[in-house]
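Ligands are counted one by one from 1 in listed order, and the atoms in each one are counted from 1 as well.
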Amino acid sequence: MQNIYDSEEFRAQGHQIIDALADYLKSIEDGTLTEVIPYVEPEDSYDFWKNDLAEGQTGLMDFVNETIKRSNHLHHPKYMGHQVSAPSPVAALMGVVTGLLNNGGAVYEMGLVNNPLERVLSKYLAEKLGFGDESDGFLTSGGTLANLTALLAARAKYSSVWSEGTTEKLAIMVSEEAHYCVDRAARIMGLGESGIIKIPVNDRFKLKTELLEEYYQDATAKGFRVFAIIGSACSTSTGSYDNLQEIGEFAQKNNLWFHIDGAHGGAVAFSSKYKSLLKGVALADSIIIDWHKMLLAPALITAVVFKKGSDAYATFHQKAQYLWDNALSKDWFNSGKRTFECTKLMMSVKVYGMIKAHGDLIFEEHVDYLYDLAKTFANLIKSLNDFELGHEPEANIVCFRMKTENSNEINATIRRKLLEKGEFYIVSTTLNGDTYLRVSLMNQNTKVSDLESLLENIREIKSEL
Ligand SMILES: Cc1ncc(COP(=O)(O)O)c(C=O)c1O
């Protein structure tokens, strides 16, 4: 049998891999890597890897280099695509540490560092959010799962579905601009389409709070038991923050669970300048925040924070004689009692590593820089005759488009051509039925000059159509 645990071989491979990654970062720093996304058609990529496997054992470094070369380069200043961080290299190194230790246990004994650190980080976030001492939480694998986790806790407060099943018509209320995972969570919970009450948004893509009463009364009259209302902080398409204060007051008045999807924009809890976007957060029963979006961590790391920590135990209680003696005891140190995952990654170590290496000011600086940059970009767009802005940005997400005839078709073509050229990576979205180009400014190395160059590229593409 091969000795796969040879410590000296590991040391040598580790040095080689870190050197390759450092060279990669250097090539971005010095501008020699000019292509952000080396886009190839999916079938071609599949064929490449199929043939590569057929070649058998060809060495680790070839594979590492090929993987780097063929990936979307999130650390590149011209990456402005989806809302995934360009992770702090320190957090990536923590990924190596945690990958090797592999102590990602649902039970304390298998997560001696991870379980307490999750609690420390949850209480730390809770304090930033202005929740009191009773608050507690944990980390889970992504915003999608986190929203489902929080909504299951919400449902458990109002119904005994977990133990008894139900035929009751349960429902949630949410903005029509909320991320699709909230809709998915509700369907997984058996609410069906009719149990997802979508509230229209105003011209700033924020939930119209003035419609809440009417929609709520209508649902109740139809026999629905509305148990939760969800605020977006912020929405995905436009980065719009719902009016959390008014939603929270409505939830309190009607005894509903108030959950905030702060996957992207909850990060402003770290920013003195932008914190006010979360006004009303103190009224929430639960909030989720992705560390892997605006907080520099590698995917996936999502915080689920409950104002009343004990609410988190209302669901997931199950007998597991091989893990714990008592299914109902509220032991914070056995994280599997509150999460979907049994075995899970040692996520907390990656976040904690960043704080230890850099201090937590990095989060505030990062958020402030990117939110400011989006405003500068929006002002630039507004000053131009050949572009138009889709919305006034509150976050680091900006939707815009070229002013042209056949606008939807031409802007969609522009985005496709940008992808094929690979010098920039941006995405598109639909606002009020129209196609817009969309940037999420995720990278603190992106400068105004990169955005000017993006606009120049778009003009060039348009002129060649
Ligand atoms: C507002 C919002 N909620 C939830 C999610 C889903 O998070 P994840 O990709 O971590 O599952 C996203 C992803 O973009 C989002 O923007």
Side-chain angles (χ1 to χ4, degrees), residues 72 74 79-87 91 125 137-152 154 172 174-188 196 198-199 201 204-207 228-244 247 258-269 277-278 281 284 286-305 339-341 344-345 347 350-351 367 370-371 374 391 393-399 425-431 438-442:
N72 194 338
L74 276 61
Y79 172 91
M80 305 168 187
H82 290 291
Q83 299 145 268
V84 180
S85 74
L125 255 192
F138 46 82
L139 298 174
T140 193
S141 305
T144 299
L145 208 56
N147 277 324
L148 176 56
T149 306
L151 289 176
L152 282 169
I172 59 165
V174 64
S175 143
E176 63 184 9
E177 280 291 315
H179 190 264
Y180 77 88
C181 71
V182 174
D183 181 293
R184 180 177 287 187
R187 287 172 200 262
I188 291 170
I196 308 163
K198 294 209 171 142
I199 316 290
V201 292
R204 298 200 66 195
F205 303 96
K206 295 166 183 274
L207 182 150
I229 181 159
I230 295 103
S232 299
C234 48
S235 66
T236 306
S237 257
T238 55
S240 305
Y241 283 77
D242 285 341
N243 186 331
L244 304 177
I247 298 175
F258 177 28
H259 172 66
I260 298 178
D261 179 358
H264 181 99
V268 297
L277 290 167
L278 288 180
V281 65
S286 56
I287 180 168
I288 66 135
I289 301 177
D290 278 353
W291 284 94
H292 61 267
K293 286 191 168 55
M294 289 302 293
L295 295 171
L296 296 162
L300 294 163
I301 307 178
T302 304
V304 187
V305 186
T339 58
F340 270 92
E341 299 100 325
K344 84 178 175 191
L345 295 170
M347 311 170 187
K350 297 176 195 168
V351 173
V367 168
L370 295 174
Y371 275 45
H391 64 106
E394 284 185 295
N396 52 334
I397 297 169
V398 185
C399 300
Y425 181 60
I426 71 165
V427 297
S428 62
T429 193
T430 309
L431 303 182
R438 173 177 174 276
V439 294
S440 302
L441 304 173
M442 301 304 289

### Query
For Gly265, is the nearest heavy atom under 4.0 Å from an atom of ligand 1?
no

### Message
If the contact criterion is a heavy-atom separation under 4.0 Å, does Gln83 count as touching ligand 1?
### Response
yes

## Note on the structure
Note: Lys293, heavy atoms under 4.0 Å from ligand 1, region reported as side chain

### Message
Counting C-beta onward and ignoring hydrogens, is there a side-chain heavy-atom pair between Ile196 and Val174 closer than 4.5 Å?
### Response
yes

### Mutual orientation of the aromatic rings belonging to Tyr371 and His264 [parallel < 30°, tilted 30-60°, perpendicular > 60°]
parallel

#### Entry: Minimum heavy-atom distance Gln83-Ser440, with the two atoms named
CG-OG, 3.5 Å

### Task
Compare every heavy atom of Ala146 with every heavy atom of Val304, then report the nearest pair and how far apart it is.
CG2-CB, 3.7 Å

### Top protein contact for atom 3 (N) of ligand 1, by heavy-atom distance
Asp261 OD2, 2.7 Å

### Query
Does Asp242 reach the side chain of Ser175, with side-chain heavy atoms less than 4.5 Å apart?
yes

### Heavy-atom side-chain contact between Met442 and Asn396 under 4.5 Å
yes

## Note on the structure
Nearest heavy-atom approach of Met347 to Ser141 is CE-OG, 3.3 Å

### Task
Could you tell me whether Gly143 and ligand 1 have an N or O pair separated by under 3.5 Å?
yes

#### Entry: Main-chain N/O of Ala267 paired with Lys293 side-chain donor or acceptor, under 3.5 Å
no

### Message
Using a 4.0 Å cutoff against the non-hydrogen atoms of Ala263, which atoms of ligand 1 qualify?
### Response
2 (C), 3 (N), 4 (C)

#### Entry: atom 16 (O) of ligand 1: the protein heavy-atom neighbour that sits closest, reported with distance to 0.1 Å
Thr236 OG1, 2.8 Å

### Query
Taking C-beta and beyond as the side chain, do Val305 and Ile289 meet within less than 4.5 Å on heavy atoms?
no

#### Entry: Test of proximity, Thr302 against ligand 1: N or O pairs below 3.5 Å
no

### Message
Does any N or O of ligand 1 fall below 3.5 Å from an N or O anywhere on Asp290, backbone included?
### Response
yes

### Query
Can you list the ligand 1 atoms lying under 4.0 Å from a non-hydrogen atom of Gly142?
10 (O), 11 (O)

### Message
What protein heavy atom lies closest to atom 11 (O) of ligand 1? Include the residue and the distance to one decimal.
### Response
Thr144 OG1, 2.7 Å

### Query
Hey, is Ala299 touching ligand 1 through its side chain, its backbone, both or neither, going by heavy atoms under 4.0 Å?
neither

### Task
Find out whether Leu431 and Phe205 are in side-chain contact, i.e. whether some heavy atom of one side chain is under 4.5 Å from a heavy atom of the other.
yes

### Query
With atoms numbered from 1 as shown, which atoms in ligand 1 lie under 4.0 angstrom from a non-hydrogen atom of His292?
10 (O)

### Query
For ligand 1, is any non-hydrogen atom under 4.0 Å from His179's backbone (N, CA, C, O), its side chain (CB onward), both, or neither?
side chain

### Element-labelled atoms of ligand 1 that are located less than 4.0 Å from some non-hydrogen atom of Cys234
1 (C)

### Message
Check for me whether Cys181 has a heavy atom closer than 4.0 Å to any atom of ligand 1.
### Response
yes

